[in-house]
Amino acid sequence: MSGQSFWQFIIEQHEKLLTQIVQHLGLTFLALFLAIIIGLPLGILIARKRKLSGSVLGLAGILQTIPSIALLGFMIPAFGIGATPAIVALLIYALLPIIRNTYTGITEVSPTVAEAAKAMGMNRKQLLLKVELPLAMPVIIAGIRTAAVINVGVATLASFVAAGGLGEFIFGGISLNNTHMILAGAIPAALLAVFLDQTIAVLQKSGYRLVKKLPYIIPGVLIIMGIVYLVTSVSDTKLKAGFTPEFMGRQDGDLGLRSVYGLNVHPLVVSDAIMYKAAYEKELDLISGYSTDGRIKAFDLYVLEDDKKIFPPYFAAPVIKTKTLEKFPDLEKTLNLLSGKLNDSIMTDLNYQSDYLKQTPEKIARDFLIKTNLYKVPRQGKNSPTIKIGSKIFGEQYILTEMYKILIEGYTDYKVETKTGLGGTKICFDALMNDAIDFYPEYTGTGLLVLLRPSAKTVEEVSKSPGKTFDYVNLEFQKQYGIKWLNPLGFNNAYALMMRREQARELKITNISDLKNYLDSK
């Protein structure tokens with residue numbers, strides 16, 4: 001990591017950080033407000049009709065148990081990308097504590113107090129507004145506090161659907177091995193959770209009178225937050241772009257597009273799991289992607305030529321500690337069986353089978369190894385040492401992991417344990433360094449720019465050919481980390497910019513310079 005301190009990073013990125021904080025608060029406030037509007041009446045309803053309480057609370061509980069990433073995924077087909085699916089998901093997570101605490105607060109009001117109120121001539125509405133709600137309010141506000149803290153945490157995942165928020169820094173930092181970025185997102189998120197919790201606690205202690213003013217205060221706050229959120233989220237270009245968190249912070253990504261091409265497209269930050277489909281469905285016009293991704297073929301996307309060469313070679317190869325190779329003598333020879341067996345077109349086709357045809361990585365890997373005469377029936381070695389294979393969280397890595405698993409089990413007596421979906425580069429590399437995994441497939445460009453981070457002059461020199469890049473990263477990894485790069489697999493999965501083929505043809509854009517000229521003309 002460079003000598004830049006955390007505070008220097010904050011000062012440098014303060015505008016972006018403030019924007020993300022506003023977006024984060026906007027998502028949280030709006031979702032919380034909607035949850036109160038829905039949850040409070042539902043809690044009152046089931047307190048009146050207690051036969052409904054089991055089913056309503058049960059449904060709210062089931063919705064809360066759905067993993068947040070999966071819930072966001074379910075929202076996309078219905079609401080697209082952006083703030084809407086994120087707000088709906090946050091609303092769902094906030095419902096349970098508000099409904100449950102409203103129900104509990106009202107049902108725990110002493111029957112004696114309720115009877116006394118009725119004896120004074122109060123009707124059901126007066127009983128609710130003048131007796132039950134005031135007495136239940138501390139419990140209800142406690143539920144709102146819980147919902148607010150939950151929402152601040154879950155809102156970090158909003159960046160996966162291009163809704164902004166502090167998750168952009170957190171997930172970008174994880175992908176880029178940048179601790180400063182992770183802390184720049186995590187610390188404000190934690191402080192926001194504490195701030196909201198304590199603010200609501202003050203309301204809780206202030207009694208029912210102040211709470212009665214909330215219907216006037218909250219809409220005003222929401223309108224202001226909504227306007228600011230829209231202003232900070234809007235793109236001012238003719239083409240709507242979406243880049244992954246990792247691409248945003250890399251020199252062979254958005255930083256390189258700005259410095260080398262002078263291209264600033266004000267992109268949304270979006271997960272690579274949804275950006276291809278978002279481009280196909282015309283929610284995005286320009287996306288970052290990977291040159292061997294099967295979804296390029298599946299969604300008929302056009303890869304723009306990198307005419308100024310900001311994307312270095314990204315040849316895939318297993319990375320493994322030299323001491324691990326000494327511990328497992330048959331391992332290097334077995335892993336190198338795959339060397340040179342995959343080119344760009346083959347890997348693209350394998351990814352297409354996974355991304356579009358929805359075949360399992362196990363089937364794809366097995367069929368490929370059978371086709372190339374590399375498949376052997378697993379030996380099922382007993383009492384043998386276990387090799388742990390890791391992978392990042394995209395389809396190509398799952399396929400490669402399964403290939404290596406089958407090869408190891410067929411050619412050696414070692415047992416295999418896979419740890420797939422480890423997130424970004426930082427998580428995989430840290431797992432390797434800490435011996436949580438024994439090896440994982442990595443890319444020479446990522447090793448160069450994310451893990452080694454040499455000078456710009458060195459990058460330019462070693463990026464002139466795939467061989468030079470590989471030799472440099474292999475030598476430096478062995479010197480700095482005691483890690484060896486085994487023989488490359490044969491394909492180059494570089495970063496790329498892409499558009500819908502029909503749109504690129506219509507706008508006469510074939511390379512990134514054409515894109516820059518088009519945007520300058522608008």
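Only heavy atoms go into these numbers, but all of them, side chains included; no hydrogens, no water, no symmetry mates. Please read all numbers here as calculations on a predicted model, not as lab measurements.
Looking only at side-chain heavy atoms (C-beta outward), Glu246 and Val450 come within less than 4.5 Å of each other. Side-chain contact between Met248 and Pro267 is present, with at least one heavy-atom pair separated by less than 4.5 Å. The side-chain heavy atoms of Leu268 and Lys240, taken from C-beta on, include a pair separated by under 4.5 Å. The shortest side-chain heavy-atom distance between Arg295 and Leu301 does not fall under the 4.5 Å cut-off. Contact annotation: the side chain of Phe368 approaches that of Ile346 to within less than 4.5 Å [non-hydrogen atoms, C-beta and beyond]. Counting heavy atoms from C-beta outward, Ser288 and Met275 have side chains that approach closer than 4.5 Å. The closest side-chain heavy-atom distance from Leu337 to Lys333 is not below 4.5 Å. Counting only heavy atoms from C-beta outward, the side chains of Ile287 and Phe243 never approach each other to under 4.5 Å.
Listed for the Lys358 side chain is a donor-acceptor partner under 3.5 Å among the backbone atoms of Asp355. With hydrogens and angles ignored, the 3.5 Å screen pairs no side-chain donor or acceptor of Glu305 with any backbone N or O of Asn511. In this structure, the side chain of Asp197 does not engage the main chain of Ala193 through any donor-acceptor pair within 3.5 Å. A donor-acceptor contact shorter than 3.5 Å is absent between the side chain of Ser463 and the backbone of Glu460. Using modelled atom types, one side-chain atom of His24 and one backbone atom of Val152 make a donor-acceptor pair closer than 3.5 Å. Checking side-chain atoms of Tyr302 against main-chain N and O of Gln503 turns up no donor-acceptor pair under 3.5 Å. A donor-acceptor contact shorter than 3.5 Å links the side chain of Thr469 to the backbone of Val462. With hydrogens and angles disregarded, a donor-acceptor distance shorter than 3.5 Å links the side chain of Thr19 to the backbone of Glu15. Here the side chain of Asp438 pairs no donor or acceptor atom with the backbone of Ile389 at under 3.5 angstrom.
With hydrogens and angles left out, the side-chain atoms of Thr425 and Lys392 include a donor and acceptor closer than 3.5 Å. Side-chain contact of Glu402 with Thr420: a donor-acceptor pair under 3.5 Å is absent, judged by distance alone. Side-chain contact, Thr348 with Ser345: no donor N or O sits under 3.5 Å from an acceptor N or O. Inspection of the Asp514 and Thr510 side chains reveals an N or O donor paired with an N or O acceptor under 3.5 Å. Residues Tyr443 and Gln397 bring a donor and an acceptor atom of their side chains to less than 3.5 Å of each other.
Distance check, rounded to the nearest 0.5 Å: CG of Asp293 to CG of Asn493 gives 7.5 Å. Of the inter-residue distances, the one linking Thr292 atom OG1 with Leu342 atom CG reads 10.0 Å to the nearest 0.5 angstrom. With rounding to the nearest 0.5 angstrom, the CG atom of Asn351 is 10.0 Å from the OG atom of Ser291.
Ring-plane geometry between Phe394 and Tyr290 is classed as parallel, the angle between the planes falling under 30 degrees on a 0 to 90 degree scale with a further cut at 60. Relative ring orientation between Phe311 and Phe247 is described as tilted, the plane-to-plane angle lying within the 30° to 60° band. Using a 30° and 60° split on the angle between ring planes, Phe299 and Tyr356 fall in the perpendicular class, above 60°.
Remark: Lys468 engages Glu461 in a salt bridge, criterion side-chain N to carboxylate O under 4.0 Å. A salt bridge links Arg258 with Asp254; the closest basic N to acidic carboxylate O contact falls under 4.0 Å.
The two residues Tyr261 and Asp307 make their nearest non-hydrogen contact at OH-N, 3.1 Å. Heavy-atom minimum distance, Pro85 versus Met75: CB-CB, 3.5 Å. Considering all non-hydrogen atoms of both residues, Gly253 and Ile310 come closest at O-CD1, 4.2 Å.
No close placement of the Phe429 and Tyr440 rings is indicated, their centers lying 6.0 Å or farther apart. Ring centroid separation for the pair Phe328 and Tyr414 comes in under the 6.0 Å cut-off.
Cation-pi geometry between Arg366 and Tyr375 is satisfied (NZ or CZ under 6.0 Å from the ring centre, within 45° of the ring normal).
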